Amino acid sequence: QLQASGGGLVQAGGSLGLSCAASGTIFNIDVMAWYRQVPGKQRELVASITSGGSANYADSVKGRSTISRDNAKNTVYLQMRSLKTEDTAVYYCYAVRMGRAPYWGQGTLVTVSS
């Protein structure tokens, strides 16, 4: 019900954009977000955004990433710049309506080469 796209291979210093669309059966989403996970580590929050547009970023990506959303399209975007090899991970989109169980996307792999 969350379909992510945009992952791939990029060189360090480059840019990449991710998008994630929620199906029409998911509505009134309060928070949409991107998480990432590397093998052997916990999934971590990259950035989140409320329906009102208030954004929050992990310190590791602050200043290098922009999260945005189109409420009419139920879609969240993540634009990443100045990518580093440590940004390599599987990126998951997330959507939640307060009081309900969250939705997770299937994950999209971002690989940053040196």
Side-chain angles (χ1 to χ4, degrees):
Q1 292 176 309
L2 291 179
Q3 186 66 44
S5 60
L9 176 65
V10 62
Q11 285 192 325
S15 299
L16 191 71
L18 305 177
S19 64
C20 176
S23 71
T25 59
I26 305 174
F27 56 94
N28 291 339
I29 300 171
D30 292 301
V31 176
M32 301 188 82
W34 289 95
Y35 284 75
R36 66 186 182 187
Q37 189 171 25
V38 298
K41 292 191 176 181
Q42 284 191 326
R43 193 171 295 187
E44 65 174 5
L45 176 68
V46 177
S48 64
I49 187 167
T50 67
S51 57
S54 178
N56 180 59
Y57 298 91
D59 288 342
S60 59
V61 303
K62 198 172 293 183
R64 302 189 295 117
S65 298
T66 302
I67 189 170
S68 60
R69 66 187 280 180
D70 184 331
N71 292 329
K73 295 181 179 180
N74 263 359
T75 301
V76 62
Y77 307 93
L78 182 68
Q79 188 67 33
M80 298 183 290
R81 306 172 294 276
S82 302
L83 284 161
K84 306 175 182 179
T85 55
E86 50 262 45
D87 293 318
T88 295
V90 177
Y91 284 71
Y92 297 90
C93 61
Y94 166 98
V96 69
R97 182 180 175 184
M98 292 305 169
R100 303 290 181 90
Y103 297 92
W104 289 94
Q106 82 282 10
T108 185
L109 177 62
V110 173
T111 303
V112 183
S113 63
S114 59

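Note that these values count all heavy atoms, side chains included, but never hydrogens, waters or copies made by symmetry. In this text, all values refer to a predicted model and were calculated from it rather than measured experimentally.
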*Mind checking whether M32 and C93 have side chains closer than 4.5 Å, heavy atoms only?*
no
*asked:* Do S15 and V10 make a side-chain contact, defined as non-hydrogen atoms from C-beta onward lying under 4.5 Å apart?
replied: no
*Transitively linked via ILVMFWY side-chain contacts under 4.5 Å: Y57 with L18?*
yes
Show me the side-chain donor-acceptor pairs of residues 107-114 shorter than 3.5 Å, one per line, residues at least two apart or across chains.
{"from": "T108", "atom 1": "OG1", "to": "G7", "atom 2": "N", "distance (Å)": "3.2"}

*Side chains of V61 and R36: does their closest heavy-atom pair fall under 4.5 Å?*
yes
*Under the side-chain contact (heavy atoms from CB on, under 4.5 Å) criterion, do D87 and L16 qualify, and how do the steps go?*
CA-CA 11 Å; D87 293 318; L16 191 71; over 6 Å; no
*Provide the closest heavy-atom pair for L83 versus R64 in the form atom of the first, atom of the second, distance.*
CA-NH1, 3.8 Å
*Just how far is it from atom OG of S48 to atom CG of D30, taken to the nearest 0.5 Å?*
12.0 Å
*asked:* Before you tell me yes or no, could you show the steps for Q3 and Q106 under side-chain contact (heavy atoms from CB on, under 4.5 Å), namely the whole-Å CA-CA distance, both residues' side-chain angles and the distance that decides it to 0.1 Å?
replied: CA-CA 7 Å; Q3 186 66 44; Q106 82 282 10; 3.2 Å; yes
*Which pairs pass salt bridge (Lys or Arg N to Asp or Glu O under 4.0 Å) with one or both residues in residues 99-114, sequence neighbours excluded?*
none
*Going hydrophobic residue to hydrophobic residue with side-chain gaps under 4.5 angstrom, can you get from Y91 over to L2?*
yes
_I need the full list of salt bridge (Lys or Arg N to Asp or Glu O under 4.0 Å) pairs touching residues 65-84, with sequence neighbours left out, sorted by first then second residue._
none
*Would you say K41 has more than 12 foreign heavy atoms packed within less than 6.0 Å of its NZ?*
no
*Assess whether atom CD of Q42 is packed by more than 12 heavy atoms of other residues, nucleotides or ligands within 6.0 Å.*
no
*asked:* If you define the side chain from C-beta out and look only at heavy atoms, does anything of W104 sit under 4.5 Å from R43?
replied: yes
